[in-house]
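Values in this document were obtained by computation on a predicted structure and should not be read as measured data. Here is the naming used below: chain letters follow the sequence lines, and residue numbers restart at 1 for every chain.
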There are 2 protein chains.
Amino acid sequence: MVSAMHDHTTDRPGRTGRPRSAEADAAILAATREALVDLGWSKLTLGDVATRAGVAKTTLYRRWAGKNELVVDAVAELFDELELPDRGSLAADVEGVVLQFADLLARPETRTALMAVVAESTGDEALRARIRTSIVDRQKRLVLEGRQRAQERGELPAEDDPETAARTADLIFDVVAGAVVHRSLVSSEPVDTEWARSFTALLLGGLAQAGGRPSHT
Amino acid sequence: MVSAMHDHTTDRPGRTGRPRSAEADAAILAATREALVDLGWSKLTLGDVATRAGVAKTTLYRRWAGKNELVVDAVAELFDELELPDRGSLAADVEGVVLQFADLLARPETRTALMAVVAESTGDEALRARIRTSIVDRQKRLVLEGRQRAQERGELPAEDDPETAARTADLIFDVVAGAVVHRSLVSSEPVDTEWARSFTALLLGGLAQAGGRPSHT
DNA sequence: CGATATACGCTACGACTCGTAGCGAAAGCT
DNA sequence: AGCTTTCGCTACGAGTCGTAGCGTATATCG
């Protein structure tokens with residue numbers, strides 16, 4: 001539960017008049033997720049969301065510019081659930097976060113919305129930025145946390161060059177998130193414990209061996 | 001250049017009457033890709049595609065059930081371009097196919113369409129199957145080819161259990177394709193030679209070390 | 001060659017969604 | 001109180017959807 005919302009209901013202190021209903025915000029976002037499950041992305045209409053939320057359609061348009069922005073906010077909330085409890089070893093931590101992420105992607109609203117919003121963002125820089133700050137960065141912290149713990153345990157060496165460290169973190173992030181998403185949504189095969197274990201072995205093996213120098217010639 | 005089309009223009013021999021125009025098929029698919037670049041997914045209308053292709057809107061609906069199916073076919077053609085020339089080493093082969101795949105994903109029509117179709121497929125089993133056969137399986141062959149070559153070179157050991165071999169191939173496929181897609185479309189950062197080299201080092205390191213046994217405990 | 005069967009282009013249609021405008025009423029702040 | 005902003009409601013033109021109906025074009029079969 002983060003206190004800072006995105007930017008809608010930010011009740012600026014020097015603001016007079018009737019404030020926006022925070023309950024309406026929550027109801028709309030919940031209704032959006034519900035409608036996503038029932039209808040999917042393309043058949044989701046803002047009018048339907050308004051009806052489900054018990055608000056007027058105009059209220060919706062007063063707060064969000066369109067379907068894209070609304071769905072990003074509705075789904076971003078779900079990513080707050082991701083956590084990284086200390087499971088004792090780097091392998092266990094990776095395995096845990098993979099399964100956790102897979103569970104999140106197993107939910108119908110996440111499956112549909114994440115891909116759809118990414119698709120729309122390919123031609124919309126503002127939307128892409130919104131996704132980065134609302135979703136991507138929120139997951140990347142898990143990689144940083146996990147690495148730090150592993151370094152404290154002595155499982156990973158301390159990084160010398162901070163720039164290389166950042167690049168490696170980005171690489172790992174794309175590999176982990178990408179593999180889980182691809183397995184789950186594109187190949188449409190289950191991310192179970194067995195797969196998570198194989199994947200973790202592959203990743204940690206790569207980290208252990210490829211310290212940084214290229215492998216060929 | 002595969003001779004067998006999907007299923008539309010399959011001129012069955014025992015068929016009487018005027019056959020469907022193969023030119024119209026090609027024109028429609030090209031127009032679809034063009035419209036995707038200009039409009040993106042959500043603003044793409046089938047009426048517009050028909051106009052661009054120089055055919056009647058009804059002709060479009062006679063061949064495809066809707067936007068989803070049309071776009072899958074339009075994009076599937078692009079994946080035929082992927083090839084795996086022998087570059088001499090496993091590392092070079094992996095690096096090459098990563099860059100090639102990244103180039104494909106850099107094209108606006110691929111970026112938009114692939115994610116959008118995957119998003120729609122989350123609630124549509126038929127569409128999911130169509131994606132699997134038209135797109136996913138077409139890429140998976142690259143993994144199998146690459147592994148066989150590496151085994152012939154002696155870079156990888158021959159597999160004993162065919163089932164384990166298949167699982168490993170699927171894992172590698174999801175890791176490679178997923179990482180490239182995620183880096184390119186979600187993180188929206190470039191897949192350049194440097195990234196491809198780092199990724200390849202990570203992957204091959206993992207393959208070399210994690211033979212199959214789990215790493216923890 | 002004529003008959004049959006299918007595809008094609010065109011037009012028109014009802015149903016739906018979109019995003020906006022205008023109104024009176026409600027709910028806060030000073 | 002008085003002011004300001006939000007809210008719910010209704011209505012609207014514009015655009016898209018997917019389908020039906022018609023006459024015409026182009027194949028195969030007898």
Can you say whether a donor on the side chain of T58(B) sits under 3.5 Å from an acceptor on the base of dC10(C), or the other way round? yes

Looking at T45(A) and dC16(C), is any side-chain donor or acceptor paired with a base atom of the opposite kind under 3.5 Å? no

Charged N to carboxylate O below 4.0 Å: is that the case for R149(A) and D93(A)? yes

Closest-nucleotide ordering on DNA chain D, the 5'-leading residue of G54(A) and A65(B): G54(A)

Tell me which one of L144(A), L142(A), V143(A), T168(A) satisfies side-chain contact (heavy atoms from CB on, under 4.5 Å) with F173(A). V143(A)

For the side chain of R18(B) and the base of dA25(D), is some donor closer than 3.5 Å to an acceptor across the two? yes

In whole angstrom, give the distance that lies between atom CG of D25(B) and atom P of dC8(C). 9 Å

Checking dG21(D), dA5(C), dC9(D) against the side chain of T16(B) (C-beta onward), the nearest is dA5(C)

L44(B) CG to dC17(D) P, straight-line distance once rounded to whole Å: 8 Å

What's the CZ-P distance between R63(A) and dT20(C), to the nearest Å? 16 Å

Would you kindly give the CD-to-C1' distance between E23(B) and dA25(D), to the nearest whole Å? 14 Å

Between D137(A) and R141(A), does at least one N-O distance fall below 4.0 Å, as a salt bridge requires? no

Students often mix this up, so state it plainly: with edges at 30° and 60°, are the rings of F79(B) and F101(B) parallel, tilted or perpendicular? tilted

Can you tell me the distance, in whole Å, between the CG atom of L60(A) and the P atom of dC9(D)? 13 Å

Hey, are E159(B) and T164(B) close enough side-chain-wise for a donor-acceptor pair under 3.5 Å? no

Side chain of S21(B) (C-beta onward), nearest among dC10(C), dC8(C), dA27(C): dC8(C)

How many Å lie between CG on L70(A) and P on dC18(C), as a whole number? 11 Å

Starting at NZ of K43(B) and ending at P of dA14(D), how long is that distance when rounded to a whole Å? 19 Å

Return the 5'-most residue of the pair K57(B), G17(B) with respect to DNA chain D, ranking by each residue's nearest nucleotide. K57(B)

Quick one: L46(A) CG to dT20(C) C1', roughly how many Å, whole number? 13 Å

Heavy-atom donor-acceptor pair, R62(B) side-chain to dG9(C) base, under 3.5 Å: yes

